[in-house]
Every structure is written in structure tokens, then in C-alpha cells.
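Before any comments, here is the structure.
Atoms within a ligand are numbered from 1 in the order they appear, just like the ligands themselves. What you see is a predicted model; the values in this text were computed from it and never measured.
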Amino acid sequence: MKVSYFHVAGEVPDTINGPDGPDAAVVIDVLRATTTIAWALHNGAEAVQTFADLDELRAEANSWPDEQRLLVGERGGCKLDGFDLGNSPMSVVPDTVKGKRLFMSTTNGTRSLHRVREVACVLTVALPNREAVAQRLINDQPEQVWMVGSGWEGTYSLEDSLAAGALADSLLAAGATVANDEMQAALALWSQWKDNPEACLRIASHGQRLIRLGDHDADFQRCAGLDQLSVVPTQAEQGVL
Ligand code: 3SL
């Protein structure tokens, strides 16, 4: 297994859907979309359908029975007007999400999912389900794995690199090899912060943005909690795309 990392959707090579493209794509948005997805599925959501475009989201959600759906929307770190939930992993508690289909759009994370949508196997990962996703990849042994961060409006993000390094660390221990410099750098970042990932999330520019927006202590703790969940969000099984 060869693992590569691309910081944002815009850096993913156009060969993604050709013969040299990956067998598996893993989308990362630590703060906070892929953490929210992992916790929502863990807490009993029936599926999480993601959308880059809000009109498409509304059209699809409207075709679903009202009592079986939740609209999850965030822009600029804040909940969207008219949506049921924002993008906090603290809001997707069992009483709210159990049995519901989540229709979700966020500033950056759902764009990265859109970019990799045609890859045969699409997964999402965050720190809480890092080891579960690693074990799935180790079992399935895709030849090429491309991890794709979400960043912020096209720019690099520290926390997504951190999680790419965390996932790669587990994969390398099982024999995977590194295929690009971005992956090497992510591994170095993980090695620097693995004893205190929450501190890394807090100094990241999007962490600082969330702090400026208000009290997000619980979100930071939840997003930094390593290997707590066994859920493996996939396009095929939970409609995550
Ligand atoms: O950019 C995104 O997709 C979001 O995860 C950003 S936020 O953490 O909800 O502000």
C-alpha cells in the first residue's frame, strides 16, 4: 500500500479518476466535518449525505420524510439559518440523530468529498476513528491510498495534516510506504504533537478562528480524542459523499 497526502481538494491531481489514480480516497476535516460525521454515525444516524451545493442539498432533503431527516449546515464556522444543526460533533447526540439521515454541507470538508466522489472506495477519517479506518485499509489493502485534507478555502490546515500523519503512522506500522513529500511532512507533524493533539488543534488557524467565534472547548476535546470510535464512514455503506 502506497500512501499520499494532498492538503486540499485543489491540489488533488487530475489523474485521480484515471488508471494512475487511487484505489481508496480518505477525506479529512478534523475541525470539524469528519469528526461530526464519525460521531453522528456512532450515535445512530442512518446515513450522512454530504453536499458542496446548498440548493442540491435542499432538493435532495425535500424528497425525504420530514421526521427522518436533519439538515446540517455550516459556513464560516457558524450554523446556517434554517438548518437543524451546525457542524459541531457535540450536537449529533443519540437523541437527536438516531435513525435520521443527515443532509450536510460545510465550508470545506464537503468540497473535498465532492472532489474524490468518483474513486472506487471513499472513506472519511478524523482522530476519534483513526485506528478503525487504518484497520479497514490494512484489511482491504488498496494499492494506492490518497488522503485529502480540507484546509480553509483552498489553503493548508495544520489539523488535517496532523490526522493524515496519525493515519499514516498506523498504516506504515503495517507495511505501507510513503508516496509523496506532503505525507512525509504530515508524519513529522504527528510525531511532534501525538502526545497532545488538542494543543495542535488549538494553535491551528482554524482552531484560532473557532476560539474567536466563542467557547468551543468541548469541540476541541471531542475532535482531539484519539481512537475512541469503531465507526468507518464510507461512501458505499453510509452514503457519505
Ligand atoms: O470547513 C469545514 O468544512 C468545517 O468543518 C468548518 S467548521 O469547523 O465547522 O467551522
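- Salt-bridge check for D29 with R32: failed, with every basic side-chain N at 4.0 Å or more from each acidic carboxylate O.
- Using bins of under 30°, 30° to 60° and over 60° for the plane-to-plane angle, the ring pair W152/H206 lands in the parallel bin.
- Put simply, V125 and L189 are part of the same group of oily side chains (I, L, V, M, F, W, Y) that touch within less than 4.5 Å, one to the next.
- Salt bridge status for R202 with D219: absent, with no side-chain N to carboxylate O gap under 4.0 Å.
- The distance from atom OH of Y5 to atom CD of E11, rounded to the nearest 0.5 Å, is 9.0 Å.
- Sorted by chain and number, the residues within 4.0 Å of ligand 1 by heavy atom are D29, L31, R32, A33, E74, G77, N87, T106, T107, N108, G109, W152, H206, L210.
- Atom-to-atom distance recorded for M147:CE and N180:CG is 9.5 Å, nearest 0.5 angstrom.
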